[in-house]
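What follows is a set of notes on a single structure, which appears directly below.
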Amino acid sequence: VYWTKPFGLEKFLEPPEGGIEWRCPSDVPKRGPYYHKFHNCNDTPLVPCTESGIKTLRAMEDRFIVIDVERGSDSINDMNMIFQRHSYVDVMPEVSQWQHIELTGHIFRVMFQPVKHLAERINATMTSLGLVENEYVSVHVRARYPVKGKLITNEFDKEGGMKFEGPVKDYLSGIMTNAMHCGHLLAPNLKMFFVSDHHEITNYAISNDFEIGNDITVHPIGIARDEEVLHMESKTHQDANPSDYFSVFEDLLIMGGSRCVSHGIGSFGAMGAGLAGNRCRAVHRKYTGESVKCPNDRGTLLPMVILSNETLFGEEPGGEGKVKYKAVEIETMSIPSSDLSVGIFSEGNTVGKKSSFLTMYGKHRVNSSLSSLPRWLQEYAAWTRKVTNPSSNDTSSTKYLVVHCHSGFRCGGLSDRLRALPFYLLVGKLTSRVVCVYWTKPF
């Protein structure tokens, strides 16, 4: 993975010890000699179209090949469904809307951990708020998403500047209250951590009591900020430093430690739910921007039977080493304290000690996450460690699939960029290439 827009991903995340090495080598070109976009099929059915692309990549001798997926939620969902069919036994969960797949949390923990300064910042935030992994529900409101006619525009989405006042405040106040109600129904006994892409909305949420019905009042906690969270696709923050984007990762990674997540439109909140395993989530908003009252079935994932004509290269559904999917019925939860994690911090394998590593991410979580992944992905992880280790291998012959973001390309925000990662890993396995990330946009 090689990003430079707005900064390289390695400014924020790094591979954990024993995980997958995803950083591109220093000689990766900014513009690859070959660029392949999946789901660009015209009238060809998706499976043979994808097989044709993989055959092309297999035949190429270039060390670096840039890959991408046709833009759009449905395109990414289709490709991640292919990943699912190669990862589950006979039945798999569907992928819809902006959803990140169920295995997102395990894949993320095998590939990423926050860099030291970011981890320390998150630990300090969680300590100040009294948050402990698995002991809180997160509520996310994507306030700047361009909906409601011209009330919230595309300019606000990427560049900020929206004022939380007048009709905008009236509209978003209703969204917030409904989102909190949905989060409360998921886990009524847990603390509520409120997250938004607009600082004034978060500050308003954590400064007030909210009546959510049936004589129930909630008072969320969250991170008070003086400025809006920067969007990673922004064009107007050319003088920003990597630390100016820490808030994006801070919000996401804290959501990933939740027991439950209530989220609306956009993929950022959906990724927070994915990091938490999608095991307890509610979707409180339609793509059109309107609220959806809870309980509802928008967070329910239907089990889908895997058919042989939907897998690549005739792979038969089932077989050893794949994940067995058990549909989770999302309902109101009453969680006993004995079922909760006991600390925020971890040093090595010792929970409860303050350090720069979170319990949710780090080398102490790699093995458990690896064991939860399909065998082919476990084997691919071991292979990537071997072929990228200069002390035991001639790495000059290692070939790469480059997931990039450069000036001139529409990359989306953080969660949009990472949502197709499961499919990319499958392509890496099928082509014997290491997936690496290279971001340079806009710097």
Side-chain angles (χ1 to χ4, degrees), residues 73 76-77 80 95-102 104-105 108 122 131 136-147 152 156-158 172 174-187 190-199 201-202 205-206 220-223 225 228-233 245 247-301 330 360 412-419 421:
S73 291
I76 296 175
N77 291 343
N80 279 341
V95 185
S96 63
Q97 300 170 349
W98 304 276
Q99 178 196 337
H100 286 251
I101 66 169
E102 271 62 23
T104 293
F108 191 94
I122 296 171
L131 294 176
Y136 57 96
V137 57
S138 290
V139 173
H140 180 257
V141 172
R142 180 75 158 81
R144 285 155 44 190
Y145 199 90
V147 293
I152 300 175
F156 292 145
D157 180 30
K158 303 296 190 298
L172 290 173
I175 299 290
M176 293 165 58
T177 303
N178 182 65
M180 293 177 198
H181 179 244
C182 292
H184 175 80
L185 289 179
L186 288 174
L190 298 187
K191 290 181 177 180
M192 182 178 292
F193 174 65
F194 186 88
V195 184
S196 177
D197 57 342
H198 196 286
H199 66 296
I201 292 171
T202 299
I206 64 179
I221 57 176
I223 305 172
R225 295 188 174 115
E228 287 180 277
V229 175
L230 299 184
H231 195 288
M232 300 195 77
E233 189 80 334
Y245 289 86
S247 296
V248 178
F249 291 85
E250 182 178 29
D251 288 346
L252 179 66
L253 298 186
I254 293 178
M255 276 198 291
S258 309
R259 172 59 70 101
C260 304
V261 178
S262 167
H263 68 88
I265 53 180
S267 66
F268 190 80
M271 185 172 182
L275 290 178
N278 284 341
R279 65 189 187 278
C280 176
R281 71 175 187 136
V283 181
H284 61 73
R285 203 173 172 195
K286 295 180 181 179
Y287 71 94
T288 54
E290 285 78 21
S291 290
V292 182
K293 292 188 178 299
C294 292
N296 62 58
D297 62 356
R298 294 180 67 81
T300 303
L301 303 175
I330 296 180
M360 293 101 78
L414 173 62
S415 57
D416 290 329
R417 299 183 188 189
L418 294 176
R419 202 159 74 86
L421 189 56

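- Remark: side-chain polar atoms of S258 are paired, donor with acceptor, to backbone N or O of M255 under 3.5 angstrom.
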H181 and H284: CA distance, side-chain angles, deciding distance, side chain to side chain contact (heavy atoms under 4.5 Å, CB included) verdict: CA-CA 9 Å; H181 179 244; H284 61 73; over 6 Å; no
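- Put simply, CD1 on I201 and CG on L172 are 4.5 Å apart, with the number rounded to the nearest 0.5 Å.
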Residue pair V248, F268: steps toward the side chain to side chain contact (heavy atoms under 4.5 Å, CB included) verdict: CA-CA 9 Å; V248 178; F268 190 80; 3.8 Å; yes
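- For Y136, there are no ring pair (Phe, Tyr, Trp, His ring centres under 6.0 Å) partners, not counting sequence neighbours.
- Here the shortest heavy-atom pairing between A282 and L186 reads N-CD1, 3.6 Å.
- The CE atom of M176 sits 7.5 Å away from atom OG of S196, with the distance rounded to the nearest 0.5 Å.
- Nearest heavy atoms, R259 versus C280: O-CB, 3.5 Å.
- When atom types are taken as modelled, the side chain of N296 and the backbone of V283 share a donor-acceptor pair closer than 3.5 angstrom.
- Contact of the I223 side chain with the T202 side chain is not registered, since no non-hydrogen atoms from C-beta on lie closer than 4.5 Å.
- No donor-acceptor pair under 3.5 Å is formed between the side chain of N80 and the backbone N or O of H100.
- Proximity of S291 to I175: side-chain heavy atoms (C-beta onward) are separated by under 4.5 Å at one or more points.
- Checking side-chain atoms of H263 against main-chain N and O of S138 turns up no donor-acceptor pair under 3.5 Å.
- L421 CG to I101 CD1: the interatomic distance, rounded to the nearest 0.5 Å, is 9.0 Å.
- With rounding to the nearest 0.5 angstrom, the CD atom of E228 is 7.5 Å from the CG atom of D197.
- Closest heavy-atom contact between V147 and T288: CB-O, 3.7 Å.
- Here the closest non-hydrogen pair linking I265 and Y287 is CG2-CA, 3.5 Å.
- Between the side chain of R144 and the main chain of F156, a donor-acceptor pair closer than 3.5 Å is present.
- The two atoms that bring M180 and A205 nearest to each other are CE-CB, 3.9 Å, heavy atoms only.
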Test side chain to side chain contact (heavy atoms under 4.5 Å, CB included) applied to K293 and N178, step by step: CA-CA 7 Å; K293 292 188 178 299; N178 182 65; 4.1 Å; yes
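- In terms of modelled atom types and a separation under 3.5 Å, the side chain of S267 and the main chain of W98 share no donor-acceptor contact.
- To the nearest 0.5 Å, atoms CE (M271) and CG (N278) are separated by 11.5 Å.
- When the options Q99, R419, Q97 are evaluated for a side-chain hydrogen bond (donor to acceptor under 3.5 Å, both in side chains) with N77, the one that passes is R419.
- The shortest non-hydrogen separation linking F194 to P220 is CB-CB, 3.9 Å.
- The closest donor-acceptor contact from the side chain of S262 to the backbone of V139 lies at 3.5 Å or more, if one exists at all.
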Candidate pair V195 and I254, rule side chain to side chain contact (heavy atoms under 4.5 Å, CB included), full reasoning: CA-CA 10 Å; V195 184; I254 293 178; over 6 Å; no
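- Atom-to-atom distance recorded for M360:CE and L275:CG is 9.5 Å, nearest 0.5 angstrom.
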